[in-house]
Amino acid sequence: MYRVFSGMRPTGRLHLGHMAGALTNWVNLQDNHECYYSIVDWHALMSDYADPGKLGGNSEEILLDWLGVGLDPGKCALFVQSHVKEHVELHMALSLLTPLGWLERNPTYKEQIVNLQNKDLSTYGFLGYPVLMASDILLYKAHKVPVGEDQSAHLELSREIARRFNHLYGGGGEIFPEPETTLTRYPKIPGTDGRKMSKSYGNALEIADEIPALEKKIRTMKTDPARERRTDPGEPEKCPVWDLQKFFNPDAAQLGEISSGCRSAGIGCIDCKKYLIAHVAEHMAPIQARRRRFASNHDELMDILRDGARRAGEFAARTMSEVHDALGMLRP
Ligand code: TRP
C-alpha cells in the first residue's frame with residue numbers, strides 16, 4: 001500500500017479553498033492509502049516565532065476543520081508534528097548534507113523574504129524550512145505527497161535530499177524512496193473579492209463560518225464586473241460566483257439554466273447567488289455539524305491526536321533507527 005504524507009501549518013481556521021482543494025483529495029486518499037496528515041507546528045513557528053501565542057488554539061481549529069470535512073482518525077493518522085520528536089531529529093540529520101546553495105536558491109524562500117517584510121525571516125531556522133519538510137515526508141518514506149502547485153519547489157528539494165542521503169549512505173540501495181508530488185488539480189475557488197481565497201486578503205469563506213455568515217459573505221461577493229445592471233448580460237467565466245457555483249452546485253440542469261440565464265440577462269446576480277447559498281448551506285451543514293460535535297469534546301480531540309502521534313511515532317522510530325545505523329552511530 002502506498003504511503004501518503006501531507007501537512008498544514010496551524011496559522012488559523014481553514015477556508016473553502018482548502019476544503020475544495022487539498023482536503024477533498026486527502027479524504028479520497030484515506031480509503032486506499034496509508035495516510036499521515038500532520039499539523040506542522042514547527043513550520044508555523046519558523047515564520048511566526050516572534051508571536052507564537054495562538055499556536056495551540058490554531059492547531060485544534062485545524063483538527064476540527066479536518067474532522068469536519070471527513071478525515072477519519074480510524075483511517076489515517078492525524079497528529080501534531082511536534083508530538084513526534086523524530087521530525088526534528090531527522091531534520092538535524094538531513095541538514096548536515098543539504099548544501100546551502102540549494103536552500104538559498106529556493107524560489108519560495110526568496111519570495112517569502114520579500115513578501116513578508118513585517119517579519120524578520122533572515123534566520124537560520126527559516127532557511128531550513130524545506131529541510132524540515134523533507135524530514136516530514138521521508139520519515140514516513142512517503143510515496144505520494146498531495147500538495148498544491150506552490151509547494152512544487154519544496155518537493156523537488158525533498159527528492160534531491162533523499163537522493164543525496166541514499167547516495168551517501170544507501171550502499172547502492174535506497175533508504176528513502178523519492179517522494180512523488182501528486183499535483184492535485186484544484187478547482188478554482190476565488191474569495192469574495194474575486195482574488196484567490198486567502199485569509200490574509202480578508203476574502204475567505206471559512207469552513208467554520210455559520211451558515212448566516214456564509215450567506216452574508218456570498219451576498220456581497222463580487223460578480224462579473226462588466227455586468228453592472230440587472231439588464232446587462234453577464235459572462236459566467238468572468239464571474240467568481242460562477243467558480244463557486246461549479247463546485248457547490250451538484251444540479252447540472254440548474255447550472256445550465258444559471259449559465260444561460262446569466263448570458264441572456266434572464267436571471268440576475270441575486271437569483272444566482274440565492275441558488276449558490278442554498279447549495280453551500282446544504283454542503284456545509286453536515287460538515288459543520290460534525291465539526292461542532294468534535295468541538296464539544298476536547299478530551300476526544302486530544303485522544304485523536306495522541307493516537308495519531310503514537311501511530312506516526314511507531315513508523316518514525318523505525319526509520320530513525322535505520323538512519324542511526326546508516327550514519328554509523330552507536331545505538332544505546
Ligand atoms: N509547506 C507546506 C505548506 O505551507 C506545509 C508542509 C510542511 C507540508 N511539511 C509538509 C506539506 C510536508 C506537504 C508535506 O502548505
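Sequence positions, counted from 1, serve as the residue numbers for this chain. Both ligands and their constituent atoms are indexed starting at 1 by order of listing.
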Trainee: Please report which non-hydrogen protein atom sits nearest to atom 10 (C) of ligand 1, along with the residue it belongs to and the distance in Å to one decimal place.
Mentor: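 That would be Met133 CG, 3.3 Å.
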Trainee: Hey, which atoms in ligand 1 end up nearer than 4.0 Å to a heavy atom of Val147?
Mentor: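 Close to Val147: 11 (C), 13 (C).
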Trainee: I'd like to know if Asp48 and Arg9 make a salt bridge, using a cut-off of under 4.0 Å between side-chain N and carboxylate O.
Mentor: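 A salt bridge is absent here (no side-chain N lies under 4.0 Å from a carboxylate O).
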Trainee: Can you tell which part of Val145 has a heavy atom less than 4.0 Å from ligand 1: side chain, backbone, both or neither?
Mentor: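 Side chain only.
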Trainee: Is it the side chain (CB and beyond), the backbone, both or neither of Ile137 that lies under 4.0 Å from ligand 1, heavy atoms counted?
Mentor: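 It is the side chain that gets close, since no backbone atom is under 4.0 Å.
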Trainee: Using the side-chain contact (heavy atoms from CB on, under 4.5 Å) rule, pick out the option among Asp31, Asn32, Thr24 that qualifies with Asn28.
Mentor: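 Only one option passes, and that is Thr24.
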Trainee: According to ring-ring contact (aromatic ring centres under 6.0 Å, His included), who are the partners of His91, at least two apart in sequence or on a separate chain?
Mentor: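 ring-ring contact (aromatic ring centres under 6.0 Å, His included) list for His91, sorted by chain: empty.
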Trainee: Look at the side-chain heavy atoms of Ile, Leu, Val, Met, Phe, Trp and Tyr, link any pair under 4.5 Å apart, and say whether Leu63 and Val84 land in one connected group.
Mentor: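 As far as the 4.5 Å side-chain criterion goes, Val84 and Leu63 are not connected within one cluster.
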Trainee: What is the closest protein heavy atom to atom 15 (O) of ligand 1, and at what distance does it sit?
Mentor: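 The answer is Gln151 NE2, 3.5 Å.
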Trainee: Which distance, rounded to the nearest 0.5 Å, do you find between the CD of Gln81 and the CG of Leu139?
Mentor: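 Answer for the CD-CG pair, Gln81 versus Leu139, is 10.0 Å.
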Trainee: Report, in ascending order of atom number, the atoms of ligand 1 lying under 4.0 Å from any heavy atom of Gly7.
Mentor: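 Taking each heavy atom of Gly7 in turn, ligand 1 has 5 (C), 6 (C), 8 (C), 11 (C), 13 (C) under 4.0 Å.
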Trainee: For atom 12 (C) of ligand 1, what is the closest protein heavy atom, and at what distance to 0.1 Å?
Mentor: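 The closest one turns out to be Phe5 CE2, 3.4 Å.
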Trainee: Which heavy atom of the protein is the closest neighbour of atom 9 (N) of ligand 1, given with residue, atom name and distance?
Mentor: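 The answer is Asp136 OD2, 2.7 Å.
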Trainee: Would you say ligand 1 has an N or O under 3.5 Å from any N or O of Arg9?
Mentor: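 Yes; at least one N/O pair falls below 3.5 Å.
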Trainee: Heavy atom to atom 1 (N) of ligand 1, shortest distance: which of Tyr129, Tyr140, Tyr37 holds it?
Mentor: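 The nearest heavy atom belongs to Tyr129.
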Trainee: Quick one: sort the His283 and Phe248 rings into parallel, tilted or perpendicular, breaks at 30° and 60°.
Mentor: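 It falls in the perpendicular class, over 60°.
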Trainee: Using modelled atom types and a 3.5 Å cut-off, is there a donor and acceptor pairing between side-chain atoms of Lys199 and backbone atoms of Arg13?
Mentor: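 Not at all, since once roles are kept as given, no pair shorter than 3.5 Å links the two residues.
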